[in-house]
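Heavy atoms only: backbone and side chains are in, while hydrogens, waters and symmetry mates are out. A note on names: the letters A, B, ... follow the listed sequences, proteins ahead of strands, and every chain is numbered from 1.
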2 protein chains.
Amino acid sequence: MQIEHFLGKRLGLEGGRLRQLLDIAHARRCRRGDVIFQRDKICNSLGYIVNGALRTYCVMESGQEISFLLQVNGDFFGDYESYLTGARSRFIIEAMMDTEVLLFDKSDLDRLIDSDIFWLRFSRTIPDVCFLEAKRRIEDLLFFGPEERYDRLLNKMPEIVQKIPLKYISSYLGITPQSLSRIRKRIIN
Amino acid sequence: MQIEHFLGKRLGLEGGRLRQLLDIAHARRCRRGDVIFQRDKICNSLGYIVNGALRTYCVMESGQEISFLLQVNGDFFGDYESYLTGARSRFIIEAMMDTEVLLFDKSDLDRLIDSDIFWLRFSRTIPDVCFLEAKRRIEDLLFFGPEERYDRLLNKMPEIVQKIPLKYISSYLGITPQSLSRIRKRIIN
DNA sequence: CGCCAGGTTGAAGCGCTTCAACGTCTGTGG
DNA sequence: CCACAGACGTTGAAGCGCTTCAACCTGGCG
């Protein structure tokens with residue numbers, strides 16, 4: 001099946017091992033606008049996007065919403081800091097369109113990891129992936145200006161950028177919706 | 001001894017376990033300006049700063065140097081992406097003042113990790129720490145403006161910021177040296 | 001002494017922000 | 001079926017902050 005294939009490829013798993021992992025997965029469908037994870041909760045599961053798009057965002061004191069992450073098919077989601085440390089999360093995760101996800105509960109993952117040294121070795125993959133993604137984001141913010149960042153985002157997720165509200169994208173890029181609107185206009189030429 | 005104490009506390013290690021780790025450490029002293037790690041190499045060791053300060057930076061095509069990380073006593077350093085993936089690094093690591101470090105070779109760490117399930121469990125600590133640091137940096141860049149970022153850096157490493165060249169700090173903050181100079185002037189009031 | 005790197009300061013410019021108004025689309029209720 | 005509200009995007013005008021270019025100052029060092 002497709003899901004297995006993509007998830008397995010992403011994680012370097014196959015056959016029985018992949019099946020073992022899928023055994024503890026919970027499938028869930030969300031509608032556009034559904035909140036998958038609430039602020040001030042402790043994140044006790046990690047997720048994988050089968051189909052759709054999510055945003056992980058933070059509401060600032062001013063009331064302004066800032067997109068911390070925009071994620072699509074094949075991406076993992078969840079506030080990994082809260083998952084790791086057990087601290088309450090400041091983030092909200094919301095579906096930007098109808099979305100199917102697989103959820104893995106921390107308790108199930110921990111049990112799996114304890115069950116077999118294979119999974120103990122495997123468990124490093126999670127923070128490794130999180131770190132690499134985070135590093136890319138830093139490089140994006142540090143090495144490029146707003147316009148270049150938008151360009152790179154377009155390359156990274158071309159179909160999605162056209163479909164989701166502009167304001168989610170602008171705060172992800174660290175600019176105002178108006179600025180992004182003008183950048184778009186500029187780029188058309 | 002002090003070093004052991006701090007390193008152990010940072011990693012949650014003590015007694016025999018801490019000694020095991022220190023057994024594979026190589027101490028090294030560097031002078032201000034020494035390059036500890038060279039661009040285009042593969043990073044095959046991780047380091048711990050006993051005393052001093054390092055910067056991890058990238059030279060852009062324009063020739064401009066951008067500080068990716070500024071690190072001080074008690075911080076870990078190394079291009080963890082290159083360490084993980086085996087890819088050539090685009091970063092250079094340089095001592096900003098006379099600095100003592102402990103180096104841990106990947107081959108020794110891998111051997112340690114394979115020797116005992118304790119160390120296999122422990123090995124997740126490394127990417128976890130890297131991820132949490134990276135996440136802080138993203139939040140800094142995304143949630144705050146240049147002036148606030150400088151303020152937060154002052155709180156994070158107050159002694160060091162006074163001692164190292166302004167241009168290293170400004171590129172870490174994502175601004176020009178001139179702008180940082182003016183921000184400093186503004187803040188004195 | 002004079003050079004050089006690092007820092008400061010001034011002036012001009014550009015890009016993003018802010019505030020505000022208007023256009024467009026969609027869904028809802030009269 | 002139309003009218004209207006609300007969300008979203010666009011556009012204009014004014015302002016602010018960072019950038020750029022350039023000049024100058026300062027301290028360290030050969």
Let me have the donor-acceptor pairs involving side chains of residues 22-31 of chain A, under 3.5 Å, with sequence neighbours excluded, atom names and distances please.
residue : atom : partner : partner atom : Å
A:R31   : NH1  : A:D98   : OD2          : 3.3

Given protein heavy atoms under 4.0 Å, the one-letter contact record of nucleotides 5-23 of chain D, with B base, S sugar-phosphate only and - none, is simply ---SSSBBB----SBBBB-
A:D114 bridged to B:R121 by N-O distance under 4.0 Å: yes
- Query: Going by an N to O cut-off under 4.0 Å, is there a salt bridge joining B:R88 and B:E81?
  - Reply: no
Taken in chain and number order and not counting sequence neighbours, the residues that satisfy ring-ring contact (aromatic ring centres under 6.0 Å, His included) with B:Y80 are A:F131, B:Y83
**Q.** Lys/Arg cation over aromatic B:Y172: B:R55, 6.0 Å, 45° cone
**A.** no
